[in-house]
Engineer: 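Following this message is one structure expressed as structure tokens.
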Number of protein chains: 2
Amino acid sequence: MNRILADASESKGRTYHYFADKGELFRATLERRLEPITDFHAIPDEARGWGAGEFWARLGSVCDRLTRVLQDDMQLASLMRTLHEERAAQAACADLLDALRKGIGSLLTAGQAVGAVRGDLPLALLSAITLDLVVAVDRWFALNAATLSADEEADLSRRAFTLLMAPLLPPHSLKGSLP
Amino acid sequence: MNRILADASESKGRTYHYFADKGELFRATLERRLEPITDFHAIPDEARGWGAGEFWARLGSVCDRLTRVLQDDMQLASLMRTLHEERAAQAACADLLDALRKGIGSLLTAGQAVGAVRGDLPLALLSAITLDLVVAVDRWFALNAATLSADEEADLSRRAFTLLMAPLLPPHSLKGSLP
DNA sequence: ACATAAATAGACCGGTAGTCTAAATCCCGA
DNA sequence: TCGGGATTTAGACTACCGGTCTATTTATGT
């Protein structure tokens, strides 16, 4: 905190007048940076007529957009990394995380309506693990991007989408599942 | 650290003589507690003759065993929770985490050998997201166990195993995948 | 113009992980 | 058994952290 304040030439008094603590400052910063993608889970009206294939295509483009935003906004990416790694950050941003999971939940509900997403597990569980999966895949690519050519990365990234998809599919569409 | 030392009636000098810093103390503690399950990824010789179904059954019993160990050893569960939540703990235990991912990797390699696990994505990626998925599912159950009856929990837990399985299956076994 | 309220700077506080010194203890050859 | 160098130990001390408190400045309404 002291370093942040020194870098920004801000005083403690002023800062703590507007933010209760370090966590709220982090939360407010993240919320601002997140503004451009607060509508990521919006589902267009024509979705009613969709089939499962169209749903997955749509979800793919949502993921592409989020990935692109994170690639372009390094500071947002850094905030998200901190959010993932620091318990204190998660506590401070609990409401934002809830909203994010709710947004994913509404996407998945739309997917269930068109038969693309399984309905045999609690929606909250599916939302939670989807978020974790997105983060995990994204983090792996962030760590290993250096060792990959652009072509390889694009190819892998396309195939990695099936990692997100697979756990969401209705279980009867998996061949050779367990008793 | 001061609280830990006071609770254990240990002095600073003695402790810092044997452990470089707080992180190493944590790492050493975790490593000890982890000893009983260091062999979790062992694959018996008869695996050569397995089919995919037997592989998944075997993986299911590995998961069951790990879950049972974590339920019985609350202190290990607590260490694992800290490891998941604290960036500093992850840094201190980087080698243990690597070993864990390597263990998962060797399990998955066995799965690939019998055609149960996809081979179209880097093994390291599959290992990493599998670990994250296990942690995510486990955490969801830990948070929501209170609202579930024992029967519901057992039933859900059995079905939740498909969440781990699904992203590992060869993509051709998913119906209706994306172009 | 004055009184009251809001905003601001920065000294200060309790608590943290980690260091340093000096004393105690161990170990081994004479 | 003694002596002296090396190892081990206790705990005072340091640097730094997030957060509070007070005194001063600045804004606002009458």
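Note that the structure is predicted; figures quoted are calculated from it, not measured. We name chains A, B, ... by the order of the sequence lines, and we start the count at 1 in each one.
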Engineer: Please determine if A:K102 and A:D98 form a salt bridge, counting it only when a charged side-chain N lies under 4.0 Å from a carboxylate O.
Structural biologist: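 Looking at A:D98 together with A:K102, the answer is no, because their closest N to O distance does not fall below 4.0 Å.
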Engineer: Taking only Lys NZ, Arg NE, NH1 and NH2, and the carboxylate oxygens of Asp or Glu, determine whether A:R27 and A:E31 approach each other closer than 4.0 Å.
Structural biologist: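 So A:R27 pairs with A:E31 through a salt bridge.
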Engineer: Under a 4.5 Å cut-off applied to non-hydrogen side-chain atoms, are A:L107 and A:I43 in contact?
Structural biologist: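 Of all side-chain heavy-atom pairs linking A:I43 with A:L107, at least one is under 4.5 Å.
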Engineer: Measure from the side-chain heavy atoms of A:Y18 and tell me the nearest of D:dT9, C:dA7, D:dG19.
Structural biologist: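 From the listed options, C:dA7 comes nearest.
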Engineer: Closer than 4.0 angstrom, basic N to acidic O: yes or no for A:D155 and A:R159?
Structural biologist: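 A salt bridge links A:D155 with A:R159.
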Engineer: When you check the phosphate oxygens OP1 and OP2 of C:dT8, does a side-chain N or O of A:H17 lie under 4.0 Å from one of them?
Structural biologist: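 No, A:H17 has no side-chain N/O under 4.0 Å of OP1/OP2 on C:dT8.
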Engineer: Please give, in whole Å, the distance from D:dG19 C1' to A:I4 CD1?
Structural biologist: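 These atoms are roughly 14 Å apart.
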Engineer: How does each nucleotide of nucleotides 10-17 of chain D score, in 5' to 3' order, for protein heavy atoms under 4.0 Å: base (B), sugar-phosphate only (S), or none (-)?
Structural biologist: BBB----S
Engineer: Going by the salt bridge (Lys or Arg N to Asp or Glu O under 4.0 Å) test, which pairs reach into residues 60-76 of chain B, not counting sequence neighbours?
Structural biologist: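 Residue pairs with at least one partner in residues 60-76 of chain B: B:R33-B:D73, B:D39-B:R65.
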Engineer: Calculate the interatomic distance between A:Y16 atom OH and D:dT22 atom P; express it in whole Å.
Structural biologist: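 Distance check: A:Y16 OH to D:dT22 P gives 18 Å.
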Engineer: Under the rule for side chain to side chain donor-acceptor pair (under 3.5 Å), what residues qualify as partners of A:Q71, not counting sequence neighbours?
Structural biologist: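 Side chain to side chain donor-acceptor pair (under 3.5 Å) list for A:Q71, sorted by chain: empty.
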Engineer: Over how many whole Å does the gap from A:L5 atom CG to D:dG18 atom C1' extend?
Structural biologist: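 Interatomic distance, CG of A:L5 to C1' of D:dG18: 10 Å.
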